[in-house]
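All heavy atoms count here, side chains included; hydrogens, waters and symmetry mates do not. A note on names: the letters A, B, ... follow the listed sequences, proteins ahead of strands, and every chain is numbered from 1.
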2 protein chains.
Amino acid sequence: MTAEPSQMRADARENRARVLAVARELFAERGLEVPMAAIARHAGVGVATLYRRFPTKEALVMEAFTEQFALCQATIEEALADPDPWRGLRTVIEKVCLLQATDRGFTAAFVASFPDMHSEVRDRTWLGFSALVQRAKDSGQLRADFSPHDLTLVLLANGGLAGVPVDVAVAASQRLVAYLLEAFRTGTNELPPPVPLSLDLVLR
Amino acid sequence: MTAEPSQMRADARENRARVLAVARELFAERGLEVPMAAIARHAGVGVATLYRRFPTKEALVMEAFTEQFALCQATIEEALADPDPWRGLRTVIEKVCLLQATDRGFTAAFVASFPDMHSEVRDRTWLGFSALVQRAKDSGQLRADFSPHDLTLVLLANGGLAGVPVDVAVAASQRLVAYLLEAFRTGTNELPPPVPLSLDLVLR
DNA sequence: CGTCAAGTGGAGGGGGTTATCCACTTACGA
DNA sequence: TCGTAAGTGGATAACCCCCTCCACTTGACG
(Lines give C-alpha, C1' and ligand atoms only; values in the text may rest on other atoms or scores of the structure.)
Protein backbone atom coordinates (compact mmCIF):
# COMPACT_ATOMS: atom_id res chain seq x y z
CA MET A 1 0.00 0.00 0.00
CA THR A 2 1.28 3.43 -0.90
CA ALA A 3 1.73 5.79 1.99
CA GLU A 4 1.79 9.00 -0.03
CA PRO A 5 -1.27 9.55 -2.24
CA SER A 6 0.73 12.16 -4.15
CA GLN A 7 3.09 9.48 -5.45
CA MET A 8 0.34 7.25 -6.77
CA ARG A 9 -0.65 6.89 -10.34
CA ALA A 10 -3.22 9.45 -11.43
CA ASP A 11 -6.07 7.00 -11.92
CA ALA A 12 -5.34 5.35 -8.60
CA ARG A 13 -5.36 8.67 -6.80
CA GLU A 14 -8.67 9.52 -8.36
CA ASN A 15 -10.17 6.16 -7.43
CA ARG A 16 -8.95 6.55 -3.89
CA ALA A 17 -10.59 9.94 -3.60
CA ARG A 18 -13.85 8.67 -5.04
CA VAL A 19 -13.89 5.70 -2.66
CA LEU A 20 -13.35 8.02 0.26
CA ALA A 21 -16.12 10.35 -0.85
CA VAL A 22 -18.56 7.49 -1.37
CA ALA A 23 -17.61 5.96 1.96
CA ARG A 24 -18.27 9.22 3.78
CA GLU A 25 -21.61 9.54 2.06
CA LEU A 26 -22.77 6.00 2.76
CA PHE A 27 -21.47 5.95 6.32
CA ALA A 28 -23.36 9.18 6.94
CA GLU A 29 -26.67 7.97 5.63
CA ARG A 30 -26.59 4.27 6.48
CA GLY A 31 -24.12 3.94 9.35
CA LEU A 32 -20.91 1.97 9.58
CA GLU A 33 -22.52 -1.38 8.90
CA VAL A 34 -22.69 -0.64 5.19
CA PRO A 35 -20.76 -3.45 3.46
CA MET A 36 -17.42 -2.82 1.81
CA ALA A 37 -18.83 -4.29 -1.39
CA ALA A 38 -21.53 -1.62 -1.47
CA ILE A 39 -18.95 1.13 -1.14
CA ALA A 40 -16.90 -0.41 -3.92
CA ARG A 41 -19.92 -0.76 -6.17
CA HIS A 42 -21.04 2.81 -5.60
CA ALA A 43 -17.53 4.05 -6.28
CA GLY A 44 -17.40 2.03 -9.48
CA VAL A 45 -14.40 -0.05 -8.44
CA GLY A 46 -13.78 -3.61 -7.29
CA VAL A 47 -13.31 -4.52 -3.65
CA ALA A 48 -9.63 -5.21 -4.26
CA THR A 49 -9.07 -1.55 -5.01
CA LEU A 50 -10.63 -0.68 -1.71
CA TYR A 51 -8.46 -3.07 0.24
CA ARG A 52 -5.33 -1.98 -1.57
CA ARG A 53 -5.78 1.58 -0.30
CA PHE A 54 -7.27 0.77 3.09
CA PRO A 55 -5.94 -2.46 4.52
CA THR A 56 -9.01 -2.95 6.68
CA LYS A 57 -12.49 -1.58 7.01
CA GLU A 58 -11.53 0.09 10.24
CA ALA A 59 -8.76 1.96 8.43
CA LEU A 60 -11.26 3.23 5.88
CA VAL A 61 -13.60 4.36 8.63
CA MET A 62 -10.77 6.15 10.42
CA GLU A 63 -9.66 7.91 7.26
CA ALA A 64 -13.21 8.81 6.31
CA PHE A 65 -13.88 10.48 9.64
CA THR A 66 -10.64 12.26 10.45
CA GLU A 67 -12.12 15.27 8.68
CA GLN A 68 -15.06 15.35 11.06
CA PHE A 69 -12.85 14.85 14.08
CA ALA A 70 -10.61 17.70 12.99
CA LEU A 71 -13.73 19.80 12.62
CA CYS A 72 -14.65 19.07 16.24
CA GLN A 73 -11.18 19.99 17.33
CA ALA A 74 -11.39 23.25 15.38
CA THR A 75 -14.77 24.03 16.91
CA ILE A 76 -13.29 23.80 20.37
CA GLU A 77 -10.32 26.01 19.51
CA GLU A 78 -12.70 28.51 18.02
CA ALA A 79 -14.89 28.46 21.08
CA LEU A 80 -11.92 29.15 23.30
CA ALA A 81 -11.41 32.34 21.34
CA ASP A 82 -14.99 33.46 21.94
CA PRO A 83 -15.13 36.32 24.44
CA ASP A 84 -18.38 34.92 25.88
CA PRO A 85 -17.48 31.63 27.63
CA TRP A 86 -21.03 30.36 27.80
CA ARG A 87 -21.70 31.03 24.15
CA GLY A 88 -18.49 29.21 23.33
CA LEU A 89 -19.49 26.13 25.27
CA ARG A 90 -23.00 26.18 23.95
CA THR A 91 -21.80 26.47 20.37
CA VAL A 92 -19.44 23.52 20.76
CA ILE A 93 -22.17 21.30 22.07
CA GLU A 94 -24.65 22.43 19.45
CA LYS A 95 -22.26 22.00 16.56
CA VAL A 96 -20.97 18.61 17.60
CA CYS A 97 -24.46 17.31 18.24
CA LEU A 98 -25.65 18.60 14.90
CA LEU A 99 -22.77 16.85 13.19
CA GLN A 100 -23.64 13.69 15.07
CA ALA A 101 -27.33 13.89 14.19
CA THR A 102 -26.56 14.48 10.54
CA ASP A 103 -24.05 11.68 10.22
CA ARG A 104 -25.32 8.27 11.16
CA GLY A 105 -21.87 6.73 11.43
CA PHE A 106 -20.29 9.48 13.48
CA THR A 107 -20.86 8.11 16.96
CA ALA A 108 -19.79 4.59 16.09
CA ALA A 109 -16.71 5.88 14.29
CA PHE A 110 -15.85 8.08 17.23
CA VAL A 111 -16.12 5.27 19.72
CA ALA A 112 -14.33 2.80 17.46
CA SER A 113 -11.48 5.12 16.62
CA PHE A 114 -10.98 6.27 20.16
CA PRO A 115 -8.63 3.55 21.44
CA ASP A 116 -6.05 3.90 18.69
CA MET A 117 -6.34 7.63 18.30
CA HIS A 118 -3.05 9.38 18.95
CA SER A 119 -3.28 10.22 22.60
CA GLU A 120 -1.80 13.59 21.74
CA VAL A 121 -4.92 14.56 19.78
CA ARG A 122 -7.20 13.12 22.40
CA ASP A 123 -5.52 14.96 25.21
CA ARG A 124 -5.45 18.20 23.29
CA THR A 125 -9.20 18.03 22.64
CA TRP A 126 -9.87 17.06 26.20
CA LEU A 127 -7.76 19.81 27.67
CA GLY A 128 -9.36 22.33 25.35
CA PHE A 129 -12.84 21.32 26.37
CA SER A 130 -11.92 21.26 30.06
CA ALA A 131 -10.59 24.79 29.76
CA LEU A 132 -13.82 25.82 28.07
CA VAL A 133 -15.80 24.33 30.92
CA GLN A 134 -13.67 26.03 33.54
CA ARG A 135 -14.02 29.39 31.84
CA ALA A 136 -17.78 29.03 31.72
CA LYS A 137 -17.90 28.08 35.38
CA ASP A 138 -15.73 31.02 36.38
CA SER A 139 -18.04 33.36 34.53
CA GLY A 140 -20.91 31.98 36.59
CA GLN A 141 -22.94 30.92 33.59
CA LEU A 142 -22.35 27.19 33.94
CA ARG A 143 -23.40 25.25 37.00
CA ALA A 144 -20.48 24.50 39.28
CA ASP A 145 -21.05 20.75 39.41
CA PHE A 146 -20.82 20.31 35.66
CA SER A 147 -18.12 17.85 34.74
CA PRO A 148 -16.19 17.71 31.47
CA HIS A 149 -17.22 14.04 31.40
CA ASP A 150 -20.73 15.33 30.86
CA LEU A 151 -19.69 16.06 27.29
CA THR A 152 -19.32 12.33 26.75
CA LEU A 153 -22.69 11.91 28.38
CA VAL A 154 -24.20 14.34 25.90
CA LEU A 155 -22.47 12.61 23.01
CA LEU A 156 -23.72 9.19 24.00
CA ALA A 157 -27.25 10.43 24.63
CA ASN A 158 -27.36 12.37 21.40
CA GLY A 159 -25.95 9.33 19.65
CA GLY A 160 -29.07 7.45 20.68
CA LEU A 161 -30.95 9.42 18.06
CA ALA A 162 -28.75 8.03 15.31
CA GLY A 163 -31.23 5.35 14.25
CA VAL A 164 -34.01 7.65 13.10
CA PRO A 165 -34.28 9.38 9.71
CA VAL A 166 -31.88 12.28 9.41
CA ASP A 167 -34.37 15.13 9.33
CA VAL A 168 -36.16 13.79 12.38
CA ALA A 169 -32.85 13.17 14.13
CA VAL A 170 -31.74 16.75 13.58
CA ALA A 171 -34.94 18.20 14.99
CA ALA A 172 -34.90 15.79 17.93
CA SER A 173 -31.26 16.52 18.61
CA GLN A 174 -31.87 20.24 18.66
CA ARG A 175 -34.62 19.86 21.19
CA LEU A 176 -32.59 17.49 23.34
CA VAL A 177 -29.62 19.84 23.31
CA ALA A 178 -31.84 22.77 24.18
CA TYR A 179 -33.19 20.89 27.19
CA LEU A 180 -29.72 19.88 28.31
CA LEU A 181 -28.26 23.36 27.91
CA GLU A 182 -31.14 24.68 29.96
CA ALA A 183 -30.15 22.25 32.69
CA PHE A 184 -26.45 23.04 32.39
CA ARG A 185 -26.91 26.77 32.56
CA THR A 186 -28.05 27.51 36.02
CA GLY A 187 -28.40 24.52 38.23
CA THR A 188 -30.19 24.76 41.52
CA ASN A 189 -31.22 21.16 42.09
CA GLU A 190 -28.75 18.59 43.27
CA LEU A 191 -27.44 16.08 40.78
CA PRO A 192 -26.07 12.59 41.18
CA PRO A 193 -22.27 12.69 41.09
CA PRO A 194 -20.65 13.09 37.69
CA VAL A 195 -19.89 9.86 35.87
CA PRO A 196 -16.25 9.52 34.82
CA LEU A 197 -17.13 8.62 31.28
CA SER A 198 -13.63 8.38 29.95
CA LEU A 199 -14.07 6.22 26.91
CA ASP A 200 -11.48 3.80 28.22
CA LEU A 201 -13.99 2.98 30.89
CA VAL A 202 -16.85 3.01 28.49
CA LEU A 203 -15.20 0.46 26.23
CA ARG A 204 -14.21 -1.84 29.04
CA MET B 1 -46.30 -24.93 17.59
CA THR B 2 -48.48 -25.20 20.65
CA ALA B 3 -50.39 -22.08 21.48
CA GLU B 4 -51.20 -22.95 25.08
CA PRO B 5 -48.16 -23.68 27.24
CA SER B 6 -50.48 -25.34 29.75
CA GLN B 7 -51.32 -28.09 27.27
CA MET B 8 -47.73 -28.94 26.54
CA ARG B 9 -45.88 -31.89 27.86
CA ALA B 10 -44.26 -31.25 31.21
CA ASP B 11 -40.67 -31.40 29.96
CA ALA B 12 -41.49 -29.16 27.02
CA ARG B 13 -43.10 -26.58 29.26
CA GLU B 14 -40.06 -26.61 31.48
CA ASN B 15 -37.71 -26.22 28.53
CA ARG B 16 -39.74 -23.37 27.19
CA ALA B 17 -39.57 -21.56 30.49
CA ARG B 18 -35.83 -22.12 30.77
CA VAL B 19 -35.25 -20.82 27.25
CA LEU B 20 -37.24 -17.72 28.03
CA ALA B 21 -35.34 -17.10 31.25
CA VAL B 22 -31.99 -17.54 29.56
CA ALA B 23 -33.04 -15.35 26.66
CA ARG B 24 -34.04 -12.54 29.01
CA GLU B 25 -30.75 -12.84 30.85
CA LEU B 26 -28.57 -12.86 27.74
CA PHE B 27 -30.55 -10.12 25.99
CA ALA B 28 -30.14 -7.99 29.09
CA GLU B 29 -26.41 -8.36 29.40
CA ARG B 30 -25.33 -8.72 25.76
CA GLY B 31 -28.09 -7.09 23.72
CA LEU B 32 -30.33 -8.56 21.04
CA GLU B 33 -27.49 -9.58 18.77
CA VAL B 34 -26.77 -12.63 20.89
CA PRO B 35 -27.11 -15.66 18.57
CA MET B 36 -29.97 -18.10 18.91
CA ALA B 37 -27.42 -20.90 19.21
CA ALA B 38 -25.95 -19.25 22.31
CA ILE B 39 -29.35 -19.05 23.93
CA ALA B 40 -30.00 -22.68 23.10
CA ARG B 41 -26.65 -23.77 24.48
CA HIS B 42 -27.08 -21.83 27.70
CA ALA B 43 -30.54 -23.28 28.14
CA GLY B 44 -29.20 -26.79 27.54
CA VAL B 45 -31.39 -27.46 24.51
CA GLY B 46 -30.90 -27.67 20.77
CA VAL B 47 -31.81 -24.86 18.44
CA ALA B 48 -34.74 -26.86 17.09
CA THR B 49 -36.42 -26.67 20.48
CA LEU B 50 -36.08 -22.94 20.35
CA TYR B 51 -37.60 -22.62 16.92
CA ARG B 52 -40.39 -25.01 17.78
CA ARG B 53 -41.59 -22.69 20.56
CA PHE B 54 -40.75 -19.40 18.94
CA PRO B 55 -41.08 -19.47 15.16
CA THR B 56 -38.64 -16.63 14.71
CA LYS B 57 -36.06 -14.75 16.71
CA GLU B 58 -38.26 -11.71 16.70
CA ALA B 59 -41.03 -13.73 18.31
CA LEU B 60 -38.66 -14.80 21.07
CA VAL B 61 -37.60 -11.22 21.64
CA MET B 62 -41.20 -10.09 21.81
CA GLU B 63 -42.14 -12.79 24.28
CA ALA B 64 -39.03 -12.14 26.36
CA PHE B 65 -39.79 -8.45 26.75
CA THR B 66 -43.56 -8.36 27.21
CA GLU B 67 -42.86 -8.59 30.93
CA GLN B 68 -40.79 -5.43 30.84
CA PHE B 69 -43.34 -3.63 28.69
CA ALA B 70 -46.10 -4.58 31.08
CA LEU B 71 -43.94 -3.22 33.87
CA CYS B 72 -43.72 0.12 32.09
CA GLN B 73 -47.45 0.13 31.61
CA ALA B 74 -47.94 -0.61 35.31
CA THR B 75 -45.55 2.16 36.26
CA ILE B 76 -47.64 4.65 34.35
CA GLU B 77 -50.88 3.46 35.91
CA GLU B 78 -49.28 3.69 39.31
CA ALA B 79 -48.02 7.19 38.62
CA LEU B 80 -51.51 8.31 37.65
CA ALA B 81 -52.63 7.30 41.12
CA ASP B 82 -49.95 9.40 42.77
CA PRO B 83 -51.46 12.51 44.36
CA ASP B 84 -48.39 14.52 43.38
CA PRO B 85 -48.44 14.81 39.57
CA TRP B 86 -44.82 15.86 39.25
CA ARG B 87 -43.57 13.05 41.43
CA GLY B 88 -45.62 10.65 39.32
CA LEU B 89 -44.08 11.86 36.09
CA ARG B 90 -40.60 11.95 37.52
CA THR B 91 -40.93 8.42 38.85
CA VAL B 92 -42.10 7.08 35.51
CA ILE B 93 -39.15 8.58 33.70
CA GLU B 94 -36.68 7.45 36.33
CA LYS B 95 -37.98 3.90 36.46
CA VAL B 96 -38.18 3.39 32.73
CA CYS B 97 -34.73 4.83 32.20
CA LEU B 98 -33.29 2.66 34.93
CA LEU B 99 -34.85 -0.38 33.31
CA GLN B 100 -33.40 0.69 30.01
CA ALA B 101 -29.94 1.26 31.44
CA THR B 102 -29.96 -2.09 33.19
CA ASP B 103 -31.17 -4.08 30.22
CA ARG B 104 -29.01 -3.77 27.14
CA GLY B 105 -31.63 -5.19 24.80
CA PHE B 106 -34.53 -3.11 26.03
CA THR B 107 -34.35 -0.21 23.62
CA ALA B 108 -33.82 -2.37 20.56
CA ALA B 109 -36.64 -4.68 21.61
CA PHE B 110 -38.91 -1.74 22.21
CA VAL B 111 -38.25 -0.22 18.81
CA ALA B 112 -38.41 -3.59 17.05
CA SER B 113 -41.61 -4.70 18.72
CA PHE B 114 -43.34 -1.38 18.26
CA PRO B 115 -44.79 -1.83 14.78
CA ASP B 116 -46.57 -5.10 15.49
CA MET B 117 -47.57 -4.31 19.02
CA HIS B 118 -51.32 -4.40 19.53
CA SER B 119 -52.32 -0.83 18.94
CA GLU B 120 -54.63 -1.17 21.93
CA VAL B 121 -51.68 -1.52 24.30
CA ARG B 122 -49.77 1.23 22.56
CA ASP B 123 -52.67 3.64 22.72
CA ARG B 124 -53.39 2.84 26.33
CA THR B 125 -49.81 3.56 27.35
CA TRP B 126 -49.72 6.68 25.27
CA LEU B 127 -52.98 8.01 26.64
CA GLY B 128 -51.86 7.25 30.17
CA PHE B 129 -48.62 9.11 29.73
CA SER B 130 -50.34 12.03 28.04
CA ALA B 131 -52.72 12.31 30.97
CA LEU B 132 -49.76 12.25 33.33
CA VAL B 133 -48.15 15.06 31.39
CA GLN B 134 -51.32 17.13 31.36
CA ARG B 135 -51.79 16.70 35.11
CA ALA B 136 -48.22 17.82 35.75
CA LYS B 137 -48.68 20.85 33.53
CA ASP B 138 -51.93 21.81 35.23
CA SER B 139 -50.24 21.65 38.59
CA GLY B 140 -47.67 24.11 37.27
CA GLN B 141 -44.72 21.85 37.99
CA LEU B 142 -44.00 20.89 34.40
CA ARG B 143 -43.11 23.43 31.75
CA ALA B 144 -46.03 24.20 29.47
CA ASP B 145 -44.21 23.46 26.24
CA PHE B 146 -43.34 19.91 27.25
CA SER B 147 -44.69 17.41 24.75
CA PRO B 148 -45.57 13.78 25.39
CA HIS B 149 -43.32 13.04 22.43
CA ASP B 150 -40.48 14.17 24.65
CA LEU B 151 -40.80 10.83 26.42
CA THR B 152 -39.68 9.13 23.23
CA LEU B 153 -36.89 11.66 23.04
CA VAL B 154 -35.78 10.71 26.54
CA LEU B 155 -36.01 7.02 25.71
CA LEU B 156 -33.92 7.35 22.58
CA ALA B 157 -31.33 9.52 24.31
CA ASN B 158 -31.13 7.27 27.32
CA GLY B 159 -30.88 4.30 24.95
CA GLY B 160 -27.67 5.80 23.65
CA LEU B 161 -26.01 4.71 26.87
CA ALA B 162 -26.83 1.07 26.18
CA GLY B 163 -23.40 0.24 24.80
CA VAL B 164 -21.41 0.87 27.97
CA PRO B 165 -20.95 -1.55 30.89
CA VAL B 166 -24.09 -1.83 32.98
CA ASP B 167 -22.83 -0.19 36.16
CA VAL B 168 -21.50 2.77 34.23
CA ALA B 169 -24.69 2.97 32.18
CA VAL B 170 -26.82 3.12 35.30
CA ALA B 171 -24.80 5.94 36.83
CA ALA B 172 -24.69 7.83 33.56
CA SER B 173 -28.40 7.34 33.02
CA GLN B 174 -29.19 8.68 36.49
CA ARG B 175 -27.19 11.80 35.84
CA LEU B 176 -28.71 12.31 32.40
CA VAL B 177 -32.20 11.90 33.75
CA ALA B 178 -31.47 14.32 36.58
CA TYR B 179 -30.31 16.91 34.08
CA LEU B 180 -33.37 16.40 31.90
CA LEU B 181 -35.83 16.52 34.78
CA GLU B 182 -34.20 19.75 35.87
CA ALA B 183 -34.90 21.13 32.42
CA PHE B 184 -38.45 19.77 32.32
CA ARG B 185 -39.41 21.15 35.68
CA THR B 186 -39.52 24.86 35.27
CA GLY B 187 -38.61 26.12 31.86
CA THR B 188 -37.92 29.75 31.24
CA ASN B 189 -35.84 29.59 28.09
CA GLU B 190 -37.42 29.00 24.75
CA LEU B 191 -37.12 25.59 23.14
CA PRO B 192 -37.21 24.44 19.55
CA PRO B 193 -40.64 23.04 18.73
CA PRO B 194 -41.42 19.55 20.01
CA VAL B 195 -40.51 16.72 17.66
CA PRO B 196 -43.42 14.40 16.86
CA LEU B 197 -41.44 11.29 17.63
CA SER B 198 -44.17 8.80 17.04
CA LEU B 199 -42.25 5.65 16.41
CA ASP B 200 -44.02 5.17 13.11
CA LEU B 201 -42.13 8.20 11.98
CA VAL B 202 -38.97 7.10 13.65
CA LEU B 203 -38.97 3.77 11.83
CA ARG B 204 -39.72 5.25 8.48
C1' DC C 1 6.14 3.63 -28.93
C1' DG C 2 7.27 -0.36 -25.95
C1' DT C 3 7.94 -2.01 -21.29
C1' DC C 4 6.53 -3.20 -16.90
C1' DA C 5 5.43 -1.97 -12.31
C1' DA C 6 1.41 -0.27 -10.51
C1' DG C 7 -3.31 -0.90 -10.58
C1' DT C 8 -7.59 -3.53 -11.20
C1' DG C 9 -11.94 -6.63 -10.85
C1' DG C 10 -14.27 -10.53 -9.48
C1' DA C 11 -14.19 -15.22 -7.69
C1' DG C 12 -14.05 -17.49 -3.51
C1' DG C 13 -12.12 -18.80 1.39
C1' DG C 14 -13.33 -18.53 6.18
C1' DG C 15 -16.42 -17.29 9.63
C1' DG C 16 -20.74 -15.47 11.18
C1' DT C 17 -25.88 -15.46 11.35
C1' DT C 18 -31.06 -17.34 11.12
C1' DA C 19 -33.85 -21.00 10.22
C1' DT C 20 -35.13 -25.97 8.58
C1' DC C 21 -35.09 -31.04 8.33
C1' DC C 22 -35.27 -35.51 9.93
C1' DA C 23 -33.94 -39.58 12.39
C1' DC C 24 -34.07 -40.48 17.19
C1' DT C 25 -35.99 -40.20 22.15
C1' DT C 26 -39.39 -39.70 25.72
C1' DA C 27 -43.55 -38.53 28.37
C1' DC C 28 -47.92 -40.18 29.34
C1' DG C 29 -52.75 -42.04 28.64
C1' DA C 30 -54.85 -46.46 27.95
C1' DT D 1 -46.48 -52.25 30.05
C1' DC D 2 -46.65 -50.24 25.69
C1' DG D 3 -47.94 -47.36 21.51
C1' DT D 4 -47.78 -43.14 19.80
C1' DA D 5 -47.72 -38.40 19.23
C1' DA D 6 -45.15 -34.84 21.05
C1' DG D 7 -40.61 -33.43 21.72
C1' DT D 8 -35.66 -33.23 20.73
C1' DG D 9 -30.75 -32.34 18.95
C1' DG D 10 -27.38 -31.61 15.64
C1' DA D 11 -26.25 -31.43 10.81
C1' DT D 12 -27.02 -28.38 7.24
C1' DA D 13 -28.97 -25.12 3.86
C1' DA D 14 -29.10 -20.31 2.60
C1' DC D 15 -27.46 -15.98 3.26
C1' DC D 16 -24.66 -12.30 5.01
C1' DC D 17 -20.04 -10.32 6.10
C1' DC D 18 -14.64 -9.19 5.69
C1' DC D 19 -10.81 -9.97 3.30
C1' DT D 20 -7.28 -12.39 -0.11
C1' DC D 21 -5.66 -14.10 -4.41
C1' DC D 22 -4.48 -13.98 -9.04
C1' DA D 23 -4.86 -13.43 -13.91
C1' DC D 24 -5.60 -9.40 -16.53
C1' DT D 25 -5.27 -4.24 -17.78
C1' DT D 26 -3.27 0.32 -18.06
C1' DG D 27 -0.78 4.60 -16.93
C1' DA D 28 3.61 6.75 -17.36
C1' DC D 29 8.44 6.98 -18.24
C1' DG D 30 12.60 6.24 -21.12
How close do [X] and [Y] get, counting heavy atoms only, and between which atoms?
X: Leu80(B); Y: Ala131(B); result: CD2-CB, 4.0 Å
X: Gly88(B); Y: Asp82(B); result: N-OD2, 4.1 Å
X: Asn158(B); Y: Ser173(B); result: OD1-OG, 2.8 Å
X: Val34(A); Y: Lys57(A); result: O-NZ, 2.9 Å
X: Gln73(A); Y: Val121(A); result: OE1-O, 4.2 Å

Spacing of [X] atom [atom1] relative to [N] atom [atom2], expressed in whole Å:
X: Lys57(B); N: dG16(C); atom1: NZ; atom2: P; result: 15 Å
X: Glu33(B); N: dG16(C); atom1: CD; atom2: C1'; result: 13 Å
X: Met36(B); N: dC16(D); atom1: CE; atom2: C1'; result: 17 Å
X: Arg18(A); N: dG9(C); atom1: CZ; atom2: C1'; result: 14 Å
X: Arg52(A); N: dC21(D); atom1: CZ; atom2: C1'; result: 12 Å
X: Glu14(A); N: dA28(D); atom1: CD; atom2: P; result: 10 Å
X: Leu32(B); N: dT17(C); atom1: CG; atom2: C1'; result: 14 Å
X: Leu50(A); N: dG9(C); atom1: CG; atom2: P; result: 10 Å

Phosphate oxygens OP1/OP2 of [N]: is one of them under 4.0 Å from a side-chain N or O of [X]?
X: Thr49(A); N: dG7(C); result: no
X: Thr56(A); N: dC19(D); result: yes
X: Asn15(A); N: dG7(C); result: no
X: Tyr51(B); N: dT20(C); result: no
X: Arg53(A); N: dG7(C); result: yes

Inset, instruction - Would you mind checking if Glu78(B) and Lys95(B) are paired as a salt bridge, meaning a charged N to carboxylate O distance below 4.0 Å? - result: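 The answer is yes: the pair qualifies as a salt bridge.
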Legend entry - Presence of salt bridge, Arg90(A) and Glu94(A), under 4.0 angstrom: yes
Inset, instruction - Please work out if Ala10(A) contacts a base, only the sugar-phosphate, or nothing of the nucleic acid, heavy-atom cut-off 4.0 Å. - result: sugar-phosphate
Inset, instruction - Mind checking Ala12(A) for me? I need base, sugar-phosphate or nothing, with any heavy atom below 4.0 Å counting as a touch. - result: sugar-phosphate
Inset, instruction - Could you say whether Val47(B) or Gly46(A) is positioned toward the 5' end of DNA chain C, judged by the nucleotide with the nearest heavy atom to each? - result: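 Residue closer to the 5' terminus by nearest nucleotide: Gly46(A).
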Inset, instruction - Would you mind telling me which residue lines up with the more 5' stretch of DNA chain C, Asp11(A) or Val34(B), judged by nearest nucleotide? - result: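 Here Asp11(A) is the residue nearer the 5' end.
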Inset, instruction - Note the angle between the end axes of the helix from dC1(C)-dG30(D) to dA30(C)-dT1(D), five pairs defining each, rounded to 10 degrees. - result: 0°
Inset, instruction - For Pro35(A) and for Ala48(A), find the nucleotide of DNA chain D with the closest heavy atom, then tell me which residue's nucleotide is more 5'. - result: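 Upstream on the strand: Pro35(A).
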Inset, instruction - Flag the pair Phe65(B) / Phe110(B) as yes when their ring centroid distance falls below 6.0 Å, and as no otherwise. - result: no
Inset, instruction - Please state whether the base of dA6(C) and the side chain of Arg9(A) form at least one donor-acceptor pair under 3.5 Å? - result: yes
